[in-house]
Amino acid sequence: MSTFTEDPRPAPSQAHLRFGRIPITDVAPVIESGRFPAKAIEGEDIPVAATVFREGHDRIGVTVVLYDPDSNAVQRRQLDPPAKGLDRWHGVVRPGAPGLWSFAIEGWADLYATWHHNAEVKIAAGVDVDLMLAEGVHLFNEAAAQEGRPADNAEVLRQAAGILADGGRSVEERLAAGGSHEVLSAVRSHPIRSLVTTSEKYPLLVERERAGRGAWYEFFPRSEGAVFDHAANTWTSGNFTTAARRLPAVAAMGFDVIYLPPIHPIGFINRKGPNNTLHAGPMDPGSPWAIGAASGGHDAIHPDLGNFDDFDAFVAAAASNGLEVALDLALQAAPDHPWATEHPEWFTTRLDGTIAYAENPPKKYQDIYPLNFDNDPDGLSEEVLRIVRLWISHGVKIFRVDNPHTKPVWFWEWLIGEVNRTDPDVVFLAEAFTRPAMMHALGRAGFQQSYSYFTWRNTKQEIEEYFSEVSHDSADYFRPNFFVNTPDILTEYLQYGGPAAFKIRAVLAATGSPLWGVYAGYELCEHVARPGAEEYIDNEKYEYKARDFTAAEAEGRSLAPYLTRLNGIRRSHPALGELRNLTVHSSTDDATVVYSKHKEDLPGGGKDTIIVVVNVDPHSARESTVSLNLGALGLDQQDLGEDGLFWVDDLITGESWRWGEHNYVRLDAYREPAHVLHIRRSR
């Protein structure tokens with residue numbers, strides 16, 4: 001009778017049982033029992049875990065099997081065994097091209113590990129010596145004859161069986177043959193398995209790289225190239241042609257995505273004036289988010305910016321500079337939007353017969369009507385789908401969605417599903433600063449990425465807790481885009497922290513998440529807020545803003561070189577392109593944050609490890625002892641000197657040091673508030 005048993009099936013009377021022969025529970029990453037797929041991007045390392053155990057003392061093994069979108073098993077990787085006394089197994093899979101992949105967990109009796117353990121213990125005690133050696137001979141010969149085992153692997157097992165059976169050799173020599181390096185390698189690559197039990201398959205949605213990696217830059221096309229006539233006290237708007245002239249500079253800073261606020265006609269009724277005042281003058285351009293006028297709505301372009309040919313030329317210019325265009329999708333309307341008269345059922349009508357404008361008390365947005373999806377959900381949904389597909393036809397593959405938390409979650413699940421069914425490369429970013437449950441639900445519903453609370457996490461404790469949360473607790477369904485500022489958000493940290501604060505936040509964002517972004521003016525350290533508010537004074541949402549980026553850089557007043565360096569580091573180091581691989585380390589100073597990112601199995605078998613140390617106090621120098629979790633750094637013996645230390649190279653300053661488990665660090669916010677260190681390796 002064969003030793004091996006594959007895929008045991010319960011007897012008919014046991015078909016209702018939930019446990020298989022080898023119990024497998026608590027598989028991860030699994031979202032709501034597989035109701036929603038876990039998220040991944042092509043080439044990303046996805047941590048996999050499962051609780052697997054069996055009765056008695058026999059040894060087991062655990063394997064993760066990765067299936068491509070055609071259900072072919074393309075990867076089999078054994079999971080690492082748990083700590084002593086525990087049953088949680090861990091490993092990694094790395095999916096390839098985008099599509100709906102899946103994975104399953106196999107638990108199995110490890111016949112070799114059980115025999116080897118028992119043989120070592122019993123033979124050392126003089127118990128069943130001949131029997132244990134004979135059982136090894138039987139096990140190895142039967143495994144060598146197993147169908148599908150490579151010939152060279154089988155030969156290793158047969159030779160070991162021959163030595164185990166050789167009574168002319170010492171017991172020690174015979175047993176050593178059963179645990180030789182060659183045998184261990186053979187059974188590691190092709191385990192000797194029995195009682196194989198397979199979990200159900202769980203979905204893993206793999207999306208294109210820009211869904212989970214990228215550096216964003218936001219600007220207002222109307223400001224790029226805008227000209228102020230001092231004599232007439234009037235502005236001439238910028239347009240797509242003048243805005244395109246800024247694209248090479250954005251690309252030179254290493255950004256991947258150019259994000260445009262709404263480019264549609266702006267309403268005249270209740271138009272907002274400078275700094276959100278209620279009355280606009282005849283030359284005030286209004287907020288781009290107050291969409292719609294007699295000249296059109298969401299399917300039209302503001303006449304000042306140009307026409308569709310001009311937009312197509314802008315998209316082409318962006319592509320020639322290695323940039324993708326992200327367009328704002330703001331589902332709301334100005335009072336004079338065509339929808340307001342053609343489809344009043346798409347809005348909320350108050351008792352006095354007026355359409356309700358947007359409010360987030362105490363904030364009021366009299367220039368905007370929010371949509372109501374309950375009166376005509378089918379009609380409104382189909383109209384939005386039409387609009388999205390229109391812009392896709394003009395080369396837009398990324399949409400930054402304004403306030404998605406004010407619309408039903410079911411709608412986003414439907415819309416993103418419909419779009420990605422025909423255009424799987426289209427990416428949606430949720431601009432949702434709201435309760436965690438809603439933000440996480442939007443991720444489950446299909447949003448590829450989201451704004452996050454990073455903007456307001458400034459202290460060491462806040463940063464450590466939030467980085468751990470987004471990289472581990474919610475990473476399977478929520479991809480955070482770490483925007484450092486927005487037209488609406490200028491935090492007190494940036495208002496009062498000086499240039500050091502801008503550097504600190506950029507380092508944290510660029511290295512803490514594979515997605516990060518800035519709004520134009522950040523490189524100029526624009527920091528003056530409207531009194532009593534957390535937003536810029538003379539806000540660009542309501543007026544034109546001309547900036548002289550070239551002069552600022554020539555005079556040394558620009559952070560553009562710093563942002564360029566950070567984006568260059570990101571592109572050169574694949575460890576920074578991952579979300580789930582972040583480890584927080586400790587420091588003795590309450591303003592010094594330390595974390596690392598590590599990635600293995602690079603082309604050629606290399607490793608990439610980045611250690612980031614940041615002084616988050618923008619007003620002083622800080623000294624600290626940094627203590628590293630060396631196990632998280634993937635160090636090999638050849639990486640270490642005779643003193644047990646390893647080299648780290650600062651990718652910002654170019655300095656190098658010998659580091660170990662405990663290291664002294666001094667960071668002066670007025671000189672350089674951060675180290676971005678790369679571990680120098682032998683290969």
Side-chain angles (χ1 to χ4, degrees), residues 210 213-228 235-261 263 288 304-306 310-328 395-398 400 481-487 490 494 499 502-503 505-507 509-510 515-527 536 538-541 543-572 651-652:
R210 203 57 69 223
R213 297 187 186 110
W216 289 48
Y217 189 93
E218 175 183 2
F219 70 36
F220 286 65
R222 71 185 186 189
S223 288
E224 299 301 329
V227 177
F228 182 67
W235 282 92
T236 299
S237 173
N239 53 48
F240 288 129
T241 301
T242 60
R245 297 170 190 158
R246 175 73 179 146
L247 293 176
V250 174
M253 286 188 285
F255 289 98
D256 307 295
V257 177
I258 184 71
Y259 155 50
L260 309 181
I263 59 173
D304 287 352
L305 297 178
D310 298 318
F311 178 75
D312 292 344
F314 179 86
V315 173
S320 69
N321 282 279
L323 293 163
E324 284 199 52
V325 173
L327 189 61
D328 202 289
V396 176
K397 295 299 180 72
I398 304 176
R400 179 270 198 189
N481 192 319
F482 283 179
F483 259 79
V484 287
N485 66 329
T486 78
L490 176 66
L494 294 178
F502 284 77
K503 280 187 172 184
R505 298 302 293 175
V507 170
L515 291 161
W516 83 297
V518 307
Y519 155 56
Y522 189 87
E523 62 268 52
L524 305 183
C525 299
E526 292 179 354
H527 65 280
Y536 293 88
D538 303 328
N539 198 298
E540 195 171 0
K541 285 177 61 176
E543 57 189 87
Y544 304 103
K545 186 175 290 294
R547 300 178 175 95
D548 193 338
F549 295 101
T550 303
E553 190 164 350
E555 296 166 10
R557 296 185 289 106
S558 174
L559 285 183
Y562 200 78
L563 304 185
T564 303
R565 185 67 187 135
L566 289 175
N567 282 329
I569 292 170
R570 283 166 51 89
R571 290 186 174 183
S572 300
L651 301 177
I652 293 180

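Counting from 1, the numbers follow the sequence of the chain as shown. Note that the coordinates shown come from a computational prediction; the quantities given were computed from them, not determined experimentally.
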Check your understanding: Any cation-pi pair here, Lys545 with Phe220, using under 6.0 Å and within 45°?
Key -> no
Practice item. Working to the nearest 0.5 Å, report the span between CZ of Phe314 and OG1 of Thr241. Key: 10.0 Å
Study note, to complete from the structure: Between the OG atom in Ser572 and the CG atom in Leu651, the distance rounded to the nearest 0.5 Å is 8.5 Å
Practice item. Please test Phe482 against Leu515 for side chain to side chain contact (heavy atoms under 4.5 Å, CB included), starting from the C-alpha separation and ending with a verdict. Key: CA-CA 6 Å; Phe482 283 179; Leu515 291 161; over 6 Å; no
**Study point:** Under 3.5 Å donor-acceptor, Asn485 side chain and Leu490 backbone
**Key:** no
Review point. Taking Arg547 for the side chain and Ala520 for the main chain, is one N or O donor matched with an acceptor at less than 3.5 Å?
Key: yes
Review point. If you measure from the Lys or Arg side-chain nitrogens to the Asp or Glu carboxylate oxygens, is any gap between Arg400 and Glu218 under 4.0 Å?
Key: no
Exercise for review: Would you please test Leu559 and Leu524 for side chain to side chain contact (heavy atoms under 4.5 Å, CB included) and show each step?
Suggested key: CA-CA 6 Å; Leu559 285 183; Leu524 305 183; over 6 Å; no
Practice item. To the nearest 0.5 Å, tell me how far Arg222 CZ sits from Tyr544 OH. Key: 6.0 Å
Exercise for review: Taking all non-hydrogen atoms of both residues into account, name the closest pair between Leu247 and Ala318 and its distance.
Suggested key: CD1-N, 3.6 Å
Check your understanding: Between Thr564 and Ala252, which heavy-atom pair has the shortest distance, and what is it?
Key -> CG2-O, 3.4 Å
Review point. Applying the side-chain contact (heavy atoms from CB on, under 4.5 Å) test to Glu523, which of Glu553, Met253, Arg557 qualifies?
Key: Met253
Practice item. Determine, stepwise, if the pair Phe240 / Ile263 fulfils side chain to side chain contact (heavy atoms under 4.5 Å, CB included). Key: CA-CA 10 Å; Phe240 288 129; Ile263 59 173; 3.8 Å; yes
Review point. Taking the six-membered ring for Trp, are Tyr522 and Phe502 parallel (under 30°), tilted (30 to 60°) or perpendicular (over 60°)?
Key: tilted
Practice item. Verify, without hydrogens or angle tests, whether Thr242 (side chain) and Glu224 (backbone) share a donor-acceptor contact under 3.5 angstrom. Key: yes
Check your understanding: Are side-chain heavy atoms of Leu494 and Arg505 found at a separation under 4.5 Å?
Key -> yes
Check your understanding: Under a 4.5 Å cut-off applied to non-hydrogen side-chain atoms, are Ile258 and Asn321 in contact?
Key -> no
Review point. Does any N or O in the side chain of Arg565 come within less than 3.5 Å of the main-chain N or O of Gly568, such that one atom is a donor and the other an acceptor?
Key: no
**Study point:** Taking every non-hydrogen atom, the tightest pair across Val484 and Ala509
**Key:** CG1-CB, 3.7 Å
Point to revise | Value rounded to 0.5 Å, distance of OG1 in Thr236 from CG in Asp304 | key: 9.5 Å
Review point. Are Val518 and Trp216 close enough that some pair of their side-chain heavy atoms sits under 4.5 Å apart?
Key: no
Review point. Can Arg571 be said to sit on top of Phe255's aromatic six-ring, NZ or CZ under 6.0 Å from centre and within 45° of the ring axis?
Key: no
**Study point:** Exercise: identify the closest heavy-atom pair between Gly254 and Ala215
**Key:** O-CB, 4.2 Å
Review point. So do the side chains of Val325 and Leu260 get within less than 4.5 Å of each other, counting heavy atoms only?
Key: yes
Practice item. Mark yes or no: Arg246 above the aromatic ring of Phe549, with NZ or CZ under 6.0 Å from the six-membered ring centre and no more than 45 degrees from the axis. Key: yes
Exercise for review: Specify whether Phe228 and Trp235 have parallel, tilted or perpendicular ring planes, treating 30° as the upper limit for parallel and 60° as the lower limit for perpendicular.
Suggested key: tilted
Study note, to complete from the structure: CG of Asp548 to CD of Glu555, rounded to nearest 0.5 Å, is 8.0 Å
Practice item. Kindly indicate whether the side chain of Val257, heavy atoms from C-beta on, has any atom under 4.5 Å from the side chain of Tyr217. Key: no
Check your understanding: Given Glu540 and Tyr519, is the side-chain hydrogen bond (donor to acceptor under 3.5 Å, both in side chains) satisfied, shown in steps?
Key -> CA-CA 11 Å; Glu540 195 171 0; Tyr519 155 56; 2.5 Å; yes
Practice item. Would you check, one step at a time, whether the test side chain to side chain contact (heavy atoms under 4.5 Å, CB included) holds for Leu305 with Phe311? Key: CA-CA 8 Å; Leu305 297 178; Phe311 178 75; over 6 Å; no
Check your understanding: Closest heavy-atom contact between Ala546 and Ala226?
Key -> CB-O, 4.3 Å
Practice item. Kindly compute the distance separating CG (Asn481) from OH (Tyr259), expressed to the nearest 0.5 Å. Key: 11.0 Å
